[in-house]
Amino acid sequence: SKIHVTTTVNGDTVEFLADPRETLLDCLRDRLGLTGSKEGCGTGDCGACSVMLDGRLVSSCLVLGVEAEGKTVDTIEGMARGDDLHPLQRKFIEHAALQCGFCTPGILVAAKALLDQNPDPSESEVRYWLAGNLCRCTGYDKIVNAVMDAAA
Ligand code: FES
């Protein structure tokens, strides 16, 4: 039987019914229609599913949907303010820091988490922080440049 979950997603209170074994990633995508977070691996290795849970960066494929009960979840969908892109999003476009785009939402969420706690990171700090976010197109230099530029 399904479990009723009430949580705050991108500032809005939402409710959904989750299978007890369903991941937060699947709940976001399939129950709430927030398909920005991607499933690359499903095993915590790629970072494509990165979201913030109570202000902490997590791989949402490793979190159960029911664990979001009473917590706050912030996803890529909450990053722009209406038509106003987040500075990181603008810099990713400017630097052409995406190719197929599959990893981009997770990388943006992770990069925002870094800049929120360390507004002026060194290049090696950016590379270290994003080491958990894989890009199969391997466009890492442009991604790092975009993050560094957004921080500047
Ligand atoms: Fe969650 Fe890869 S899908 S880390």
Side-chain angles (χ1 to χ4, degrees), residues 2-80 85-89 91-93 95-118 121 123-148 150-151:
K2 298 212 187 316
I3 297 174
H4 183 265
V5 178
T6 305
T7 183
T8 303
V9 179
N10 300 325
D12 294 325
T13 303
V14 298
E15 300 178 46
F16 58 89
L17 292 173
D19 183 277
R21 293 183 301 177
E22 203 170 351
T23 65
L24 177 58
L25 176 60
D26 284 344
C27 290
L28 289 170
R29 292 180 55 85
D30 302 338
R31 308 275 178 209
L32 298 174
L34 297 173
T35 54
S37 307
K38 301 288 187 267
E39 178 163 314
C41 66
T43 51
D45 297 307
C46 77
C49 64
S50 298
V51 302
M52 303 301 285
L53 182 63
D54 271 355
R56 209 164 52 86
L57 184 64
V58 297
S59 296
S60 62
C61 71
L62 295 183
V63 177
L64 293 174
V66 296
E67 291 180 76
E69 172 66 35
K71 298 195 172 138
T72 62
V73 182
D74 291 288
T75 72
I76 185 65
E77 284 86 353
M79 213 163 147
L85 293 181
H86 187 278
L88 274 164
Q89 293 172 307
K91 290 301 178 186
F92 268 59
I93 295 170
H95 287 264
L98 57 149
Q99 292 176 61
C100 83
F102 193 85
C103 68
T104 310
I107 290 181
L108 283 167
V109 169
K112 181 175 183 298
L114 170 64
L115 296 190
D116 285 350
Q117 70 174 55
N118 180 2
E123 183 180 327
S124 61
E125 284 173 323
V126 172
R127 288 184 184 276
Y128 183 82
W129 183 268
L130 293 178
N133 291 85
L134 304 185
C135 166
R136 290 190 68 182
C137 311
T138 69
Y140 292 110
D141 286 346
K142 290 175 177 177
I143 291 167
V144 171
N145 291 342
V147 175
M148 294 297 294

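These numbers were taken from a predicted model, which means no experiment stands behind them. Order of listing sets the numbers, starting from 1, for every ligand and every atom in it.
With Leu25 as the partner, the side-chain contact (heavy atoms from CB on, under 4.5 Å) test is satisfied by one option alone out of Ser59, Ser50, Cys49: Cys49. None of Thr35, Thr7, Val73 except one satisfies the side-chain contact (heavy atoms from CB on, under 4.5 Å) rule with Leu28; the exception is Val73.
Atom 2 (Fe) of ligand 1 lies under 2.8 Å from an N, O or S atom belonging to Cys41.
Salt-bridge formation is not detected for the pair Arg31/Asp19: no Lys NZ or Arg NE/NH1/NH2 atom is positioned less than 4.0 Å from an Asp or Glu carboxylate oxygen. We find that Glu67 and Lys71 are not joined by a salt bridge, their nearest charged nitrogen and carboxylate oxygen being 4.0 Å or further apart.
Heavy-atom proximity to Gly44, at under 4.0 Å, picks out these atoms of ligand 1: 4 (S). Numbered from 1 in the order shown, with element, the atoms of ligand 1 that lie under 4.0 Å from a heavy atom of Gly42 read 2 (Fe), 3 (S). For ligand 1, the atoms closer than 4.0 angstrom to any heavy atom of Gly40 are 3 (S). Short contacts between ligand 1 and Asp45, defined as distances under 4.0 Å to a heavy atom of the residue, involve ligand atoms 4 (S). Heavy-atom contacts of Gly47 reach the following atoms of ligand 1: 2 (Fe), 4 (S) (cutoff under 4.0 Å). Residue-ligand proximity, Cys46 to ligand 1, at heavy-atom distances under 4.0 Å covers atoms 2 (Fe), 3 (S), 4 (S).
For the pair Phe92/His86, no side-chain contact is recorded, criterion being any heavy-atom separation below 4.5 Å from C-beta on.
Nearest approach of Thr23 to Cys61, heavy atoms of both residues: CG2-O, 3.4 Å.
With a 4.0 Å cut-off on non-hydrogen atoms, Thr43 does not touch ligand 1 at all.
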